[in-house]
Amino acid sequence: MSAISRAIWFIESHFTSDISLDEIAATAGLSRYHLSRVFGMTTGHSISGYIRGRRLSGAALALIDNSSTILQVALDAGYGSHEAFTRAFREQFGMTPESLRKQGHVRNLALQEPIRMDDTRFPKLEAPRFETYPAMLLVGFAGTYAHEATQAIPSLWQKFNQHYGHIPGQVGNVAYGVCTPADEGTEGFRYMSAVEASEADNLPEGFTTTRLPQQRYAVFTHRGHISGITATVHQIFGEWLPQSGHEHGGTPDMMERYDDRFDPRTGTGVTEIWIPLKA
């Protein structure tokens, strides 16, 4: 069972009680930091968002059952007051608990179903190569995304590709997708579509920069359509890294590398996934 599968099992077994990130991380065998990053990258949900969604989905079903008062449903879902429960419920589903109870069904609600991680469906992970890459300056467009809402990333690439090939100081013909932590206090992650550049002058409007230090990377190969890259990432962080004896280097979380083996028009080909390692 992979690290993320163990984390999901623990959450599904305990989400109605007050569980901590430390407890989930201990079960998964990952640090708090890496569990948060890996869970989001492999499931499309933040841990807190998934737990909240599971609790409120259970509460929604209890509300239409009519066997408990709304206050009791709120308390069972881990909320200390009717007001706090109502606020969270409205944010999750766009309606109040009272309205749902009156409605009497959940057919129009997007309930959070349990994530089922079938580890047997993942393709075999190819052994990585290891490279020490010099410090690099990356320039491009960046945005912050919730793990549950990454559908806007392709449009970031579409916007970036309008400049690709004639960016001032561009080095080579390789594009990078760089994942870094979001600002403190913000759930999700920062994603940057970029190229390496020799300078940061005269950049197109809206461009931002990121400097990465010289560091050692484990380099993995993802083959096929880019939409399947999540399965490869799951194997890297959920299985290979915890068992490898290596430690994650910290920044970036990971980096996608797109060279001439990848066809951006069809989304198919070879993508490299670079994971920084501690020396």
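Excluded from the calculations below are hydrogen atoms, water molecules and symmetry mates; all remaining heavy atoms, backbone and side chain alike, are included.
For H222 (side chain) and H225 (main-chain N/O), a donor-acceptor pair under 3.5 Å exists by modelled atom type. Although no hydrogens or angles enter the test, the distance criterion places a donor-acceptor pair under 3.5 Å between the side chain of E23 and the main chain of S20. Counting only distance, with no hydrogens or angles, the side chain of R216 and the backbone of T132 share no donor-acceptor pair below 3.5 Å. Under a 3.5 Å cut-off, the side chain of S99 and the backbone N or O of M95 do not form any donor-acceptor pair.
Within 6.0 Å of atom CG in D18, 12 or fewer heavy atoms from other residues, nucleotides or ligands are found, so the atom counts as exposed in its surroundings.
Of the residues listed (W157, Y191, F207), the one engaging F141 in a ring pair (Phe, Tyr, Trp, His ring centres under 6.0 Å) is F207, and it is the only one. Among R90, H82, E83, the one residue that satisfies the side chain to side chain donor-acceptor pair (under 3.5 Å) test with T86 is H82.
For Y164, the ring pair (Phe, Tyr, Trp, His ring centres under 6.0 Å) criterion is met by no residue, not counting sequence neighbours.
Taking the six-membered ring where the residue is Trp, F85 and Y79 present tilted rings, their angle falling between 30° and 60°.
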Exercise for review: Assess whether side chain to side chain contact (heavy atoms under 4.5 Å, CB included) is satisfied between I4 and L35, documenting all intermediate values.
Suggested key: CA-CA 8 Å; I4 300 306; L35 174 63; 4.2 Å; yes
Check your understanding: So R129 and E131, salt bridge (Lys or Arg N to Asp or Glu O under 4.0 Å) or not? Walk me through it.
Key -> CA-CA 7 Å; R129 72 177 190 274; E131 287 197 19; 2.7 Å; yes
Point to revise | Candidate pair W274 and Y133, rule ring pair (Phe, Tyr, Trp, His ring centres under 6.0 Å), full reasoning | key: CA-CA 10 Å; W274 289 48; Y133 201 85; 5.6 Å; yes
**Study point:** Full working for side chain to side chain contact (heavy atoms under 4.5 Å, CB included) between D263 and T266
**Key:** CA-CA 6 Å; D263 182 351; T266 63; 3.3 Å; yes
**Study point:** Evaluation steps, side chain to side chain contact (heavy atoms under 4.5 Å, CB included), between I8 and F39
**Key:** CA-CA 9 Å; I8 292 170; F39 193 93; 3.9 Å; yes
Point to revise | side chain to side chain contact (heavy atoms under 4.5 Å, CB included) assessment of Y258 paired with V270 | key: CA-CA 8 Å; Y258 301 95; V270 172; over 6 Å; no
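Between V195 and V171 the shortest side-chain heavy-atom distance does not fall below 4.5 Å. Looking at heavy atoms from C-beta onward, L56 lies out of side-chain contact with Q112 at the 4.5 angstrom threshold. L21 has its side chain within reach of S36: a pair of non-hydrogen atoms, C-beta onward, lies under 4.5 Å apart. Using a 4.5 Å heavy-atom cutoff, the side chains of I273 and I236 are in contact. Looking at heavy atoms from C-beta onward, Y145 lies out of side-chain contact with R190 at the 4.5 angstrom threshold. V219 places none of its side-chain heavy atoms less than 4.5 Å from the side chain of P128. Between L30 and P242 the shortest side-chain heavy-atom distance falls below 4.5 Å. At a threshold of 4.5 Å between non-hydrogen side-chain atoms, the residues Q103 and N108 count as touching.
Atom-to-atom distance recorded for E272:CD and E256:CD is 12.0 Å, nearest 0.5 angstrom. Rounded to the nearest 0.5 angstrom, R223 CZ and I229 CD1 are separated by 13.0 Å. Note that OG1 of T43 and CD1 of I115 are 4.0 Å apart. Values are rounded to the nearest 0.5 Å. To the nearest 0.5 angstrom, L75 atom CG is 12.0 Å from I70 atom CD1. Rounding to the nearest 0.5 angstrom, the gap separating the NE2 atom in H248 from the CG atom in L241 is 7.0 Å. One finds the CG atom of L203 at 7.5 Å from the OG1 atom of T209 (value rounded to the nearest 0.5 Å).
Here the closest non-hydrogen pair linking L137 and S198 is CD2-C, 4.4 Å. Counting all heavy atoms, side chain and backbone alike, G250 lies closest to P276 at N-CG, 4.4 Å. Of all heavy-atom pairs spanning R101 and L63, the tightest one is NE-O, 3.0 Å. Here the closest non-hydrogen pair linking F93 and A60 is CE1-CB, 4.3 Å. Shown here for A74 and S81, the closest heavy-atom pair between the two residues is CB-O, 4.2 Å. Heavy-atom minimum distance, C179 versus P252: O-CB, 3.3 Å.
Connection of Y176 to M254 is not established within any shared hydrophobic cluster, with ILVMFWY side chains joined at heavy-atom distances below 4.5 Å, either directly or through further cluster members. F89 and I51 are assigned to two separate hydrophobic clusters, defined by single-linkage of ILVMFWY side chains at heavy-atom distances under 4.5 Å. Y217 and M192 fall within a single hydrophobic cluster, where Ile, Leu, Val, Met, Phe, Trp and Tyr side chains are chained together by heavy-atom contacts under 4.5 Å. There is no path of hydrophobic side-chain contacts, each under 4.5 Å, that joins L138 to I167. The hydrophobic cluster containing L212 does not contain V139, counting ILVMFWY residues as joined when their side-chain heavy atoms lie under 4.5 angstrom apart, directly or transitively.
Side-chain contact annotation: H234 with T230, donor-acceptor N/O pair under 3.5 Å absent.
Applying the side chain to side chain donor-acceptor pair (under 3.5 Å) definition to pairs two or more places apart or across chains, those involving residues 49-65 are E12-Y50, E12-R54, D65-S67.
In this structure, the ring of H246 has its center less than 6.0 angstrom from the ring center of F130.
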